[in-house]
Engineer: 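I'd like to ask some things about the structure below.
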Amino acid sequence: MGKKIKIRKVSAWTLGVTLVLAMVFAIVSFQSEKEFKILRMTTEQYIVCEKAAKQLQDGSDYLTEQVRLYAITREPRYMELYFVEANTHRREEALDSLEKYFAGTGMFDSLTEALKCSQELMNTEYYSMRLVSEAMSLSEDTWPQEIKNVQLSEEDSLLGRDDKLIKAGNLVCDDSYQNTRTRIISDVSSCMNGLITQTRQRQGRATSIFSDMYLKLEAGIVIMLLIMFLICLMLKHLIVKPLMLYNESIQKGEIFPVIGAAELQNLAVTYNKVYLENQETQKLIRHQAEHDALTEALNRGSYEKLLHIYEAGDTPFALILIDVDIFKSVNDTYGHAAGDEILKKVTRCLKRAFRSIDYVCRIGGDEFSVIMVDVTSELKYTIEDKIKYVGEELAKAEEGVPAVTLSVGAAFSDRENPGESIFKDADKALYHVKENGRNGCAFYNGASSLEGTGKKQKEEDNGKQIEK
């Protein structure tokens, strides 16, 4: 026999490799999650920054558009729209949203500079709108506070209506104004270029790390698959195949082949030893294991098998048939639960009265049987004493369990003048007791000879004694 492979060692080795791979996967997964968070944060920052830059640019463009429309059309509603936008502080809020991500960076400085330029333009725009408002002789009550706070130069205040309108248009369209706007656009572009460069760098680093992690995961998966394949082969040859052969051996009633893992080989050796030692006694053991579910007495199937065995054998025995008197009436009066308890009590009393080698069986609803082994008709008094003890115990009413009596008929395997079968002879004795008022015990002692009485016969015998 070759070297035995133990399942325990294989299992421990497999578990160790699995734990190592699990740790590797956990570390790789942790690093992947960390890099993913960085990548996601970078993307979020890019979106926030792009949105803020666009918001600042759009806000500045919108203000320029409204002040130019006001200078050209002289419609007060454009000035109102201008200040609605200015008072929303979109540009300032955009810059505040970037501060927690980009404070101290060139991108943040570029947008800060763009906001300063936009605010400088606003001073020029206020001045232009003041010139238009005075030229159009609008009521000062309708002017926003920022326009009221503007002070025109002495030279501009002396200009006529048309000259003020011309100058107002020039202020928001001349080269100086446009240069400032170009600076705003340049600063915003500089911010976006820096943001794009930073995002690409971080994404490139993350991509490189992800690629390395994926390679590690793929290698780990390949190793795991190889281990699983190896385990499957070992399970097939060391466990599955032996178990299938064991199952076939059981079905054929043969001993086990000693193959497979060391543990299964030991199991096969042990089983084969027990199988060879107990091959002849297993049938009887299985018979004895068949019990009634309610009372734990042997059931009718076990009774019939045991009776057949003893009838065919040479061992002397007695068959005792027992009925609980008027059980149906008791069941109807006290209920099925009480009836069940009576049956359990009868079983307990019979088991206490008879020996452990005797067989107490429940063969019907309220019908019991005892196969008393190694006993001859000379020991009839022994059965009478046992039945008397059982009757005294059952006469004691308990809580929820009323007192009951038994009718008992018995026959011995060495009886004189046996009838057709020991069961029918014992049944004749039982019938005799029932005909004589129940609550008694009778023995079959020949076709026309029954020893024992029931309640009725006892009362008649007692009456005769009184008359005497």
Side-chain angles (χ1 to χ4, degrees), residues 290-304 306-307 318-356 358-372 380-411 422-444 450-463:
E290 296 174 356
H291 288 78
D292 173 59
L294 175 64
T295 63
E296 291 300 321
L298 293 172
N299 59 24
R300 187 176 185 88
S302 298
Y303 155 77
E304 291 177 348
L306 288 168
L307 182 60
L319 175 63
I320 306 168
L321 300 180
I322 304 164
D323 278 4
V324 180
D325 294 332
I326 57 172
F327 180 73
K328 184 178 184 304
S329 176
V330 174
N331 220 11
D332 294 340
T333 302
Y334 294 94
H336 291 286
D340 291 345
E341 293 301 322
I342 290 172
L343 297 177
K344 293 178 182 178
K345 184 176 180 181
V346 170
T347 304
R348 290 195 300 270
C349 292
L350 290 173
K351 286 184 176 181
R352 284 199 297 266
F354 289 89
R355 300 165 298 175
S356 60
D358 300 327
Y359 302 98
V360 177
C361 310
R362 183 187 177 195
I363 59 176
D366 62 335
E367 300 172 2
F368 291 84
S369 172
V370 178
I371 299 175
M372 192 172 181
K380 179 181 66 175
Y381 67 91
T382 303
I383 296 177
E384 290 176 334
D385 291 342
K386 293 179 182 297
I387 296 301
K388 181 180 178 182
Y389 164 77
V390 173
E392 291 173 352
E393 291 297 312
L394 295 178
K396 300 174 184 178
E398 301 174 358
E399 184 177 354
V401 183
V404 294
T405 59
L406 301 179
S407 294
V408 182
I422 192 171
F423 172 79
K424 290 187 176 181
D425 290 347
D427 191 54
K428 288 178 182 178
L430 175 62
Y431 184 71
H432 174 75
V433 174
K434 289 184 176 181
E435 279 189 329
N436 286 275
R438 303 184 180 87
N439 188 17
C441 177
F443 294 86
Y444 179 86
L450 291 168
E451 297 182 2
T453 61
K455 179 180 179 182
K456 180 179 178 181
Q457 185 65 48
K458 290 176 183 177
E459 290 175 350
E460 290 177 357
D461 293 343
N462 290 337

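None of the values given here were measured: they were computed from a predicted structure.
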Engineer: Does some side-chain heavy atom of Met372 sit less than 4.5 Å from a side-chain heavy atom of Thr382?
Structural biologist: yes
Engineer: Using the rule given for salt bridge (charged side-chain N to carboxylate O under 4.0 Å, His left out), can you reason through Lys388 versus Glu384, listing the C-alpha separation, both sets of side-chain angles and the distance that settles it, and then say yes or no?
Structural biologist: CA-CA 6 Å; Lys388 181 180 178 182; Glu384 290 176 334; over 6 Å; no
Engineer: Given Ser407 and Asp323, is the side-chain hydrogen bond (donor to acceptor under 3.5 Å, both in side chains) satisfied, shown in steps?
Structural biologist: CA-CA 5 Å; Ser407 294; Asp323 278 4; over 6 Å; no
Engineer: Would you say Tyr431 has more than 12 foreign heavy atoms packed within less than 6.0 Å of its OH?
Structural biologist: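 Atom OH in Tyr431 is not packed in, count stays at 12 or less.
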Engineer: Are Val324 and Phe368 close enough that some pair of their side-chain heavy atoms sits under 4.5 Å apart?
Structural biologist: yes
Engineer: Are any non-hydrogen side-chain atoms of Leu307 and Ile371 less than 4.5 angstrom apart?
Structural biologist: yes
Engineer: Looking at side-chain heavy atoms only, is the closest gap between Phe443 and Val408 below 4.5 Å?
Structural biologist: no
Engineer: I need the full list of salt bridge (Lys or Arg N to Asp or Glu O under 4.0 Å) pairs touching residues 361-372, with sequence neighbours left out, sorted by first then second residue.
Structural biologist: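 The answer is Asp292-Arg362.
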Engineer: Less than 4.5 Å apart, any side-chain heavy atom of Ile320 and any of Phe354?
Structural biologist: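 The answer is yes; the side chains approach within 4.5 Å.
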Engineer: Which residue pairs pass the side-chain hydrogen bond (donor to acceptor under 3.5 Å, both in side chains) test when at least one of the two sits in residues 338-349, sequence neighbours left out?
Structural biologist: Lys345-Glu398
Engineer: Under a 4.0 Å N-O cut-off, is there an ion pair linking Glu392 with Lys396?
Structural biologist: no
Engineer: So do Leu430 and Asp427 actually touch side chain to side chain, heavy atoms under 4.5 Å?
Structural biologist: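 Answer yes - side chains close enough.
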